[in-house]
Amino acid sequence: QPLAADFEKRFQVTAADYQQPDPAVWELKRPAVETRTPLVITFREALDRGMLERVFHIEYENGEQVATEAFVMPGERAVEFRPRLPWKPGRFYLRFDPALEDVAGNSVGRAFEVREEDPSNRQPPIVERTFELRR
């Protein structure tokens, strides 16, 4: 499908990147309860923009999905999730596909230059982090 207008994105080439994105070090800026303030996740590196828009979902502890819209921040180093309804207090699960990649092709589930048939390279079907919101 043709672009509606010209588009340019510049990259700076550096040393090879063999590090997988690590969800344990992502910063979660938790919103206040009973507001529609977004949940913001900040990454240590740029991640794949298209994937950021579609691989995450947030659930309440009871399994009910939180209806949100994802907005990728400029530079692809953060994404915010704006809820359609105010946040309720409780425990939440931030779940996402381990195929989420950085710009070098390393995914949460495996490094780019690892053979897929390697038995140590099996990735889980879903990855999660939990967070709590309190009054």
Nearest heavy-atom approach of Val108 to Pro23 is CG1-CG, 3.7 Å
d(Glu101 CD, Phe112 CZ) to nearest 0.5 Å is 8.0 Å
request  = Classify the angle between the aromatic ring planes of Tyr60 and Phe92 as parallel (below 30°), tilted (30 to 60°) or perpendicular (above 60°).
outcome  = tilted
Treating Arg129 as the side-chain partner and Trp26 as the backbone partner, does any N or O pair qualify as donor plus acceptor under 3.5 Å? yes
_Linked, directly or transitively: Phe96 and Leu28 (ILVMFWY side chains, under 4.5 Å)_ = yes
message = Tell me if a side-chain donor or acceptor on Asp102 pairs with a main-chain N or O of Gly105 at a distance below 3.5 Å.
response = yes
Smallest heavy-atom separation, Pro21 atom then Leu47 atom, equals CG-CD2, 3.9 Å
Please table the atom pairs, donor to acceptor, closer than 3.5 Å between any side-chain atom in residues 64-79 and protein atoms at least two apart or in another chain.
| from | atom 1 | to | atom 2 | distance (Å) |
| --- | --- | --- | --- | --- |
| Glu76 | OE1 | Lys9 | NZ | 2.8 |
| Glu76 | OE2 | Arg49 | NH1 | 3.4 |
| Arg77 | NH2 | Arg44 | O | 2.5 |

Salt bridge (charged side-chain N to carboxylate O under 4.0 Å, His left out) pairs touching residues 18-40, sequence neighbours excluded, are Glu34-Arg135
Taken to the nearest 0.5 Å, the spacing of Lys88 NZ from Glu61 CD works out to 12.5 Å
CD1 of Ile58 to CG of Leu39, rounded to nearest 0.5 Å, is 5.0 Å
Hey, can you tell me if Phe56 and Phe81 have their rings parallel, tilted or perpendicular (30° and 60° cut-offs)?
perpendicular
Side chain of Arg110, backbone of Asn106: donor and acceptor closer than 3.5 Å? no
I'd like to know whether Arg54 forms a side-chain contact (heavy atoms from CB on, under 4.5 Å) with Asp97, so could you lay out the CA-CA distance, the side-chain angles of the two residues, the decisive distance to 0.1 Å, and finally the verdict. CA-CA 9 Å; Arg54 68 178 193 277; Asp97 187 327; over 6 Å; no
Rounded to the nearest 0.5 Å, the CD atom of Glu59 sits from the CG atom of Leu94 at a distance of 10.0 Å
One should read off an interatomic distance between Thr37 OG1 and Arg82 CZ, to the nearest 0.5 angstrom, of 11.0 Å
Connected via hydrophobic side-chain network under 4.5 Å: Phe131 and Phe43: yes
Here the pair of heavy atoms bringing Pro31 nearest to Pro38 is CB-O, 3.8 Å
Does the side chain of Pro89 come within less than 4.5 Å of Val33's, by heavy atoms?
yes
For Asp48 and Leu100, the nearest pair of non-hydrogen atoms, with its separation, is O-CD1, 4.5 Å
>> For the CD atom on Gln19, are there more than 12 heavy atoms of other groups (residues, nucleotides or ligands in this structure) within a distance under 6.0 Å?
In response: no
With sequence neighbours left out, the residues meeting side-chain contact (heavy atoms from CB on, under 4.5 Å) with Glu128 are Tyr93, Arg95
